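These notes concern the structure reproduced below.
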Protein chains: 2
Amino acid sequence: MRVRIEDVAKAAGVSMKTVSRVLNNEPTVKDETRARVQAVAKSMNYRPDPSARSLAGRKSYLVALLYDNPSANYLMEILMGVVEACQEYHYGLVVQPLNYHSPDFLQSVESLVTFSKLDGLILTPPITDSVALLDRLDALGMPYACVSPKNREGGIGVTLDEHDAVCDMIEHLASLGHTRIAHIKGHPAHGASEWRLAGYRSGLRRAGLRYEPELVIDGEFSFDSGVSAARQLLDLERPPTAIFAANDDMAAGAMSVAHSRGLSIPGDLSVCGFDNTPMSRQIFPALTTVHQPTQEMGRLATGELLKTIKDPASGQMLRMPYALQLRQSTGPAPRR
Amino acid sequence: MRVRIEDVAKAAGVSMKTVSRVLNNEPTVKDETRARVQAVAKSMNYRPDPSARSLAGRKSYLVALLYDNPSANYLMEILMGVVEACQEYHYGLVVQPLNYHSPDFLQSVESLVTFSKLDGLILTPPITDSVALLDRLDALGMPYACVSPKNREGGIGVTLDEHDAVCDMIEHLASLGHTRIAHIKGHPAHGASEWRLAGYRSGLRRAGLRYEPELVIDGEFSFDSGVSAARQLLDLERPPTAIFAANDDMAAGAMSVAHSRGLSIPGDLSVCGFDNTPMSRQIFPALTTVHQPTQEMGRLATGELLKTIKDPASGQMLRMPYALQLRQSTGPAPRR
DNA sequence: TTGAAAGCGCTAACAC
DNA sequence: GTGTTAGCGCTTTCAA
């Protein structure tokens with residue numbers, strides 16, 4: 001039979017409640033008692049039963065990762081970080097796909113939270129940006145941490161300074177002699193698209209280049225949208241010599257168009273992206289991109305969430321470092 | 001306050017136990033009573049409390065997905081399928097990374113199973129192939145379903161006829177006039193590597209081509225291993241005109257080598273892979289590969305597992321269909 | 001076919 | 001600091 005708290009209590013010569021206190025790190029236990037109980041629990045290989053704990057304590061020791069149709073890689077990396085943190089803190093994890101556009105989006109989150117008695121939520125873009133949801137969660141007192149939310153103030157979670165990253169990237173292109181640098185924008189529903197566009201504009205400004213509306217094309221983060229945007233750009237009377245796509249998938253689309261038109265990369269056209277996906281290393285030539293420490297972001301966001309659950313005042317919005325990943329898809333601007 | 005089984009019982013004019021019977025689909029309830037209880041439960045928006053259920057019933061209504069460092073995409077697709085099935089059957093999911101090579105691998109699975117009271121496991125390669133683990137699980141009476149296990153007989157789960165898929169692919173290359181078709185093998189620890197090699201040999205045989213050991217190079221499913229294997233192949237005195245890599249990542253590595261040597265694909269060299277990863281569509285030229293319905297496999301494996309949990313005799317090993325995905329990376333063999 | 005009572009293993013509330 | 005008691009919401013067991 002399973003070892004129960006009662007068995008541990010008997011073996012340690014204390015009451016069940018004291019064992020419970022030790023397990024839950026409550027401060028009101030004498031150090032000596034605590035040490036003894038811990039030793040006994042360990043030697044008996046005792047682990048509390050999650051359902052009993054949850055039933056009696058009205059907590060689930062469960063957090064949920066909420067997502068809506070992100071790229072598989074992105075989500076996977078976040079997930080790996082989240083899993084790491086959950087293991088460390090002995091929390092369980094529920095993985096929950098959601099439909100952000102569904103009319104009963106709010107309702108479905110609410111019933112998930114209620115029926116699973118979740119202790120907290122980890123939100124990923126674009127769910128991070130549903131004001132209605134955040135308001136509702138605040139009203140319910142449900143703790144949540146955001147990964148790369150649009151609104152970085154006040155909440156808890158992690159962000160990356162995407163604006164500065166892109167700005168650096170554009171300056172890099174300019175330093176290679178490019179003067180016609182195009183941008184393929186991201187999906188309009190994602191905050192990232194705005195930051196990356198803003199970074200593009202700041203980068204141009206810093207490099208002393210003019211912003212030209214014809215060099216900015218709408219995309220939606222997909223390979224195909226990158227393909228059609230690149231076609232438009234390369235069909236211009238004065239096509240760009242460099243393209244910054246708001247993510248790697250669209251950059252791959254742009255490269256594909258260039259290849260099929262016989263343009264050499266980076267000889268005739270430089271291309272760069274954002275995300276440093278595994279794919280970016282595997283295409284030819286390898287893609288210059290911005291690295292974002294996604295897994296670490298998942299781990300730290302979860303850490304902040306779990307801290308907040310214990311002590312509501314302790315969670316913060318963490319700023320993560322980015323890094324330009326310079327590879328072979330960018331090079332000196334072609335001479336006229 | 002939350003609606004409890006007692007509230008439903010009162011409203012329906014029956015005992016708690018009868019409501020419980022209805023919820024758990026026990027047969028010994030009069031149809032009329034069952035219908036009434038179901039209607040009342042629905043109208044009150046009743047959902048049983050998982051921890052109470054689990055505590056009293058000594059079941060967790062939880063299954064775990066066990067994995068060890070697979071490709072992010074593969075795992076993500078499996079995961080999405082697993083999540084779908086779990087939602088449908090109202091089961092919870094635990095996501096658990098494992099270290100197959102760790103000395104306490106068995107122990108860590110066992111304590112996971114014990115302490116989380118898991119009702120079943122979904123195993124992914126290469127964990128599917130640990131004989132020691134499978135034996136232990138059988139001994140414990142712990143139900144599990146495998147995705148693409150080495151041993152397809154007797155167990156429950158899903159498989160794909162990888163041998164036949166590769167065989168078809170090789171025949172396709174042969175039909176394009178290729179006579180020197182190389183193979184980059186997969187990681188030796190994965191069953192898939194063996195099947196794909198066997199399919200390669202069968203394909204050659206069917207096409208009337210000789211098996212030439214110098215055309216078969218070890219790989220380990222990574223891009224880099226594809227790169228070094230392709231270098232060896234292209235350095236041969238009589239290099240191949242086509243390369244079948246055991247997965248898409250290695251195929252991308254091979255393409256990268258070809259590009260950097262100025263070889264045209266498929267003009268000078270045809271390349272094909274296996275998995276139909278998103279990346280395979282995004283490289284240039286788009287990669288010919290084998291599609292395997294990974295998400296569906298996750299969903300169906302989970303379905304078989306959950307069926308088995310209800311009725312131990314009902315689980316099967318399902319065979320999934322594959323499909324060649326012909327794209328631009330393969331073409332007619334170059335003339336001598 | 002249905003119900004009453006006794007737990008499942010833990011924590012909350014309160015007493016000491 | 002520590003212990004006692006009474007549940008948490010469900011299923012099991014056994015009786016009807």
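Letters A, B, ... mirror the listed sequences (proteins, then strands); counts begin at 1. Values in this document were obtained by computation on a predicted structure and should not be read as measured data.
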Closest approach to the side chain of [X], judged atom by atom: which nucleotide of [options] is it?
X	options	value
A:Val29	D:dT2, D:dC10, C:dG9	D:dT2
A:Lys17	C:dG9, D:dC10, D:dT4	D:dT4
A:Ser15	D:dC8, D:dG3, D:dG9	D:dG3
A:Val14	C:dG9, D:dG3, C:dA12	D:dG3
B:Thr18	D:dG3, D:dC10, C:dT2	C:dT2
A:Ala56	C:dT2, D:dC8, D:dT2	D:dC8

Round to the nearest Å and state the distance from [X] atom [atom1] to [N] atom [atom2].
X	N	atom1	atom2	answer
B:Asp31	C:dT1	CG	P	9 Å
B:Lys30	C:dT2	NZ	P	6 Å
B:Glu6	D:dC8	CD	P	9 Å
B:Arg47	D:dC10	CZ	P	12 Å
A:Ile5	C:dT11	CD1	C1'	8 Å

Any side-chain heavy atom of [X] within less than 4.5 Å of one from [Y]?
X	Y	answer
B:Lys10	B:Val19	no
B:Val147	B:Tyr74	yes
B:Asn24	B:Arg53	yes
A:Asp49	B:Lys117	yes
B:Pro149	B:Thr159	yes

Below 4.0 Å: OP1/OP2 of [N] and any side-chain N or O of [X]:
X	N	answer
B:Tyr61	D:dC10	no
B:Ser20	D:dT11	yes
A:Arg58	D:dC8	no
B:Thr33	C:dT2	yes
A:Tyr46	C:dC10	yes

(message) Can you work out whether B:Met16 or B:Lys117 has the more 5'-proximal nearest nucleotide on DNA chain C?
(response) B:Met16
